[in-house]
There are 2 protein chains.
Amino acid sequence: MDATRSLVLTRSYGSVGIAGICERAGVRRGSLYHFFPGKEDLVIATLEVLYTEFEAEVLQPALRGPAGLRGRITAFVNAVHAFQTRMQAAEGRLPGCPFGSLAVETGTQSPRLREAMQGHLDAIRAQFRAALDAAVAHGELDARTDTARLADHWLALMEGILLMARAEQDADTILRLAPALQDLLLGAPAPERRANEHR
Amino acid sequence: MDATRSLVLTRSYGSVGIAGICERAGVRRGSLYHFFPGKEDLVIATLEVLYTEFEAEVLQPALRGPAGLRGRITAFVNAVHAFQTRMQAAEGRLPGCPFGSLAVETGTQSPRLREAMQGHLDAIRAQFRAALDAAVAHGELDARTDTARLADHWLALMEGILLMARAEQDADTILRLAPALQDLLLGAPAPERRANEHR
DNA sequence: AGTCTAGTTGACCGATCGGTAAACACAAGG
DNA sequence: CCTTGTGTTTACCGATCGGTCAACTAGACT
């Protein structure tokens, strides 16, 4: 599963073969099929583990650690940036958001895989919403804020940022686009103060 | 190339085979290789055409037609929504943003394809920026607005929106997330008016 | 008529795909 | 000692992958 993770994240579902996974893992193909019924299940299981780790190591610490929504967003962005940088250093490729990428690639081919990825995206969105609800409770956001809607926007923008980062194969893209997240979630600055504010 | 477009947009680069393309086009494989040196070049050429059409039929009309940035954004979103809906009706699958999807999928494998897609994304960003510059010229945005940066954010969010739409295979996702675009580009409403504003 | 060339065709290439199955190793339990 | 269950190994399956090639067709030009 570690081999599967490395390969699927840095390449893509379709372009990763069972043979490559097994070679990397130092395992014979037959052994693999003793534990997993097929490629699809292997990948689903692998990303299940990845999500669990992502929630425990990125989502929870960043979104509950610092006080204040602004600090939490920053912590979240930095944690994502660190993870992407680490992966790029280790594997030579910047993965972007695996759940989003897989959902896009297999969305029109493998319903089970797509549903699994959608489930993870939903879970991330729920974490975002919890952070927004906490901000509402602390008076950082107006009480009438539609946190579900805002969390939805947050996830969409985050996916877009990671898509751009993967397309450019550059982790700094995340930092470059992160201000958009602050603008979207905390309200854009008044037009008068907008120019170059984030530099 | 029409067959290539349909298949690549609704499936993915890796999962579309030369055989499938030729079968759909009613052409023998050998004939294809008389005109294109390989799959990569075929797809690049196909998406070149697609971008040209996209610019002429979506970008230009939407971003120059209506008066006012808000109206232009709305027109752009509606045009994209219409295109996605049409594709879904015709092919049974919602393609999302082909340039983004291809850039993501092939970004770690086919440098030429990735560069081509990046070029198209850059071109789209330039169109966005032109629309923002026009808004600045009309006083709709502050003169000090960093339009390049804002166009960058615009593209990232748009890619995220289309990624979500493809993941969910639902064109309405675009309309659901479109308000985020208005918030990001025109400035979020004051917190007091934020709740449910867009419903 | 003869030549040339753009394009078509179908057979074929080696490689790889995901997946299967039978033979085998081996430790645990009787 | 013998069975049983858990894995491992290896050879193999048909299908498909992207790509090649030589033979062929047919219209244009001389």
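Quick note on labels: first sequence line is chain A, next is B, and so on, each numbered from 1.
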Side chains of A:Thr147 and A:Arg129, donor plus acceptor under 3.5 Å: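 Their side chains do contain a donor-acceptor pair, which is all the 3.5 Å distance test asks for.
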
Atom-to-atom span, [atom1] of [X] to [atom2] of [N] - whole angstrom:
X	N	atom1	atom2	value
B:Gln109	D:dG18	CD	C1'	14 Å
A:Arg11	C:dT16	CZ	P	14 Å
A:Glu40	C:dC17	CD	C1'	16 Å
B:Leu32	D:dG19	CG	P	10 Å
B:Ile21	D:dT16	CD1	C1'	14 Å
B:His34	D:dT25	NE2	C1'	13 Å
B:Arg29	C:dC13	CZ	P	14 Å
B:Ile18	C:dC12	CD1	P	21 Å

Residues, nucleotides or ligands: over 12 heavy atoms within 6.0 Å of A:Glu23 CD: no

Other residues, nucleotides, ligands: >12 heavy atoms within 6.0 Å of B:Asp2 CG: no

Earlier contact from the 5' end, DNA chain C, for A:Gly14 and B:Val27: B:Val27

5′-ward residue of the pair A:Ser15/A:Gly30 relative to DNA chain C: A:Ser15

Sugar-phosphate, base or nothing in reach of B:Arg28, heavy atoms under 4.0 Å: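 Sugar-phosphate contact only.
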
Ring geometry between A:Tyr51 and A:Phe99 (parallel below 30°, tilted from 30 to 60°, perpendicular above 60°):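 Perpendicular: the ring planes of A:Phe99 and A:Tyr51 meet at over 60°.
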
Whether B:Phe54 and B:Phe76 hold their rings parallel, tilted or perpendicular, with breakpoints at 30° and 60°: perpendicular

Taking the side chain of [X] as its heavy atoms from C-beta onward, which of [options] lies nearest to it?
X	options	value
A:Tyr33	D:dT8, C:dT20, D:dG18	C:dT20
A:Lys39	D:dC17, C:dG19, D:dT9	C:dG19
A:Phe35	D:dT9, D:dC17, D:dG7	D:dG7

